[in-house]
Amino acid sequence: MERRRKQIEMQFDYWLKEAKMAKQSVTKAAMLGDLVLSHEAKSYYDMAVEEARHWAKAMEKTGGYGIVEKKNMEKKITKLNEE
């Protein structure tokens, strides 16, 4: 079970990192006035956040400590959205 949690955590971290980079791209494109690139980056950001949420839900299904870890993952996603 610990191995599965580690795999889920790695996937979650990957998608959270992708979401952060996409959010930076949205901001940069908006500053440059490039609406097409901004829209594309926003779509990728939304997809990456959904993938991160998927892995957070998968963590919850592992039971025990996984439930606590899922709450921590949700906090990270919320923090990213608020930045």
Side-chain angles (χ1 to χ4, degrees):
M1 194 56 70
E2 188 62 34
R3 180 182 167 128
R4 178 70 179 140
R5 285 186 186 135
K6 188 69 174 170
Q7 290 171 337
I8 291 170
E9 187 175 352
M10 288 173 59
Q11 287 292 327
F12 174 81
D13 289 343
Y14 171 80
W15 285 109
L16 193 65
K17 182 180 173 185
E18 288 293 312
K20 286 179 184 178
M21 290 190 318
K23 190 169 187 172
Q24 291 172 350
S25 295
V26 170
T27 304
K28 187 175 180 180
M31 288 179 8
L32 296 173
D34 189 345
L35 296 177
V36 173
L37 182 59
S38 178
H39 178 72
E40 183 179 317
K42 176 71 170 121
S43 296
Y44 189 72
Y45 169 76
D46 291 339
M47 189 264 316
V49 168
E50 282 304 311
E51 282 295 320
R53 281 197 176 107
H54 165 78
W55 289 106
K57 288 178 186 173
M59 180 64 83
E60 182 179 39
K61 291 179 183 177
T62 63
Y65 180 69
I67 296 169
V68 174
E69 193 62 32
K70 185 232 182 207
K71 290 179 182 178
N72 292 337
M73 291 173 163
E74 288 292 334
K75 286 179 185 176
K76 289 178 183 179
I77 294 170
T78 302
K79 183 180 175 185
L80 176 65
N81 286 333
E82 292 174 353
E83 288 178 348

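Here the structure is a predicted model, which is why all the values come from computation and not from measurement.
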Q: May I ask you to say whether Arg53 pairs ionically with Glu50, meaning some side-chain N is under 4.0 Å from a carboxylate O?
A: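 Salt bridge: yes.
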Q: Return the minimal non-hydrogen interatomic distance between Trp55 and Ile8, and the atom names on each side.
A: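 Here Trp55 and Ile8 meet closest at O-CG2, 3.2 Å.
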Q: I need the Asn72 CG to Glu9 CD distance, nearest 0.5 Å.
A: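 Going from the CG atom of Asn72 to the CD atom of Glu9 covers 9.5 Å.
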Q: Are the charged groups of Lys17 and Asp13 less than 4.0 angstrom apart, N to O?
A: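 Judged by the 4.0 Å cut-off on N to carboxylate O distance, Lys17 and Asp13 do not form a salt bridge.
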Q: Is there side-chain contact between His54 and Trp15, with at least one heavy-atom pair below 4.5 Å?
A: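 His54 vs Trp15: side chains apart.
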Q: Of Glu60, Glu74, Arg5, Met59, which is the lone residue that meets side-chain contact (heavy atoms from CB on, under 4.5 Å) with Glu69?
A: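 When side-chain contact (heavy atoms from CB on, under 4.5 Å) is applied between Glu69 and each of Glu60, Glu74, Arg5, Met59, only Met59 qualifies.
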Q: Would you check if the side chain of Ser38 reaches a backbone N or O of Asp34 as a donor-acceptor pair within less than 3.5 Å?
A: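 Such a contact is absent between Ser38 side chain and Asp34 backbone.
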Q: Quick check for you: to the nearest 0.5 Å, what is the distance between Lys42 atom NZ and Ser25 atom OG?
A: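 Taking NZ in Lys42 and OG in Ser25, the distance rounds to 13.0 Å.
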Q: Report yes if the side chains of Tyr45 and Leu80 come closer than 4.5 Å at any heavy-atom pair, otherwise no.
A: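 When only atoms from C-beta onward are counted, Leu80 and Tyr45 do touch, with a gap below 4.5 Å.
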Q: Would Val68 end up clustered with Phe12 when hydrophobic side chains under 4.5 Å apart are linked, directly or stepwise?
A: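 In one cluster with Val68: Phe12, no.
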Q: Report yes or no: do Val49 and Met73 belong to one cluster of Ile/Leu/Val/Met/Phe/Trp/Tyr joined by side chain heavy-atom distances under 4.5 Å?
A: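 Linked, Val49 and Met73 end up in one cluster.
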Q: Once rounded to the nearest 0.5 Å, what's the spacing between atom NZ of Lys61 and atom CD1 of Ile67?
A: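 If we round to the nearest 0.5 Å, Lys61:NZ and Ile67:CD1 are 12.5 Å apart.
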Q: Has the side chain of Thr62 got a donor or acceptor atom that lies under 3.5 Å from a matching backbone atom of Ala58?
A: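 Judged by distance alone, no pair lies under 3.5 Å.
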Q: After noting the C-alpha distance and the side-chain angles of Tyr44 and Glu18, does the key distance pass the side-chain hydrogen bond (donor to acceptor under 3.5 Å, both in side chains) rule?
A: CA-CA 9 Å; Tyr44 189 72; Glu18 288 293 312; 2.7 Å; yes
Q: Taking Lys75 for the side chain and Lys70 for the main chain, is one N or O donor matched with an acceptor at less than 3.5 Å?
A: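 No, the answer is negative, given that no donor and acceptor are paired below the 3.5 Å cut-off.
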Q: Out of curiosity, Met21 CE to Leu16 CG, how far, rounded to the nearest 0.5 Å?
A: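 Rounded to the nearest 0.5 Å, the CE-CG separation comes out at 11.0 Å.
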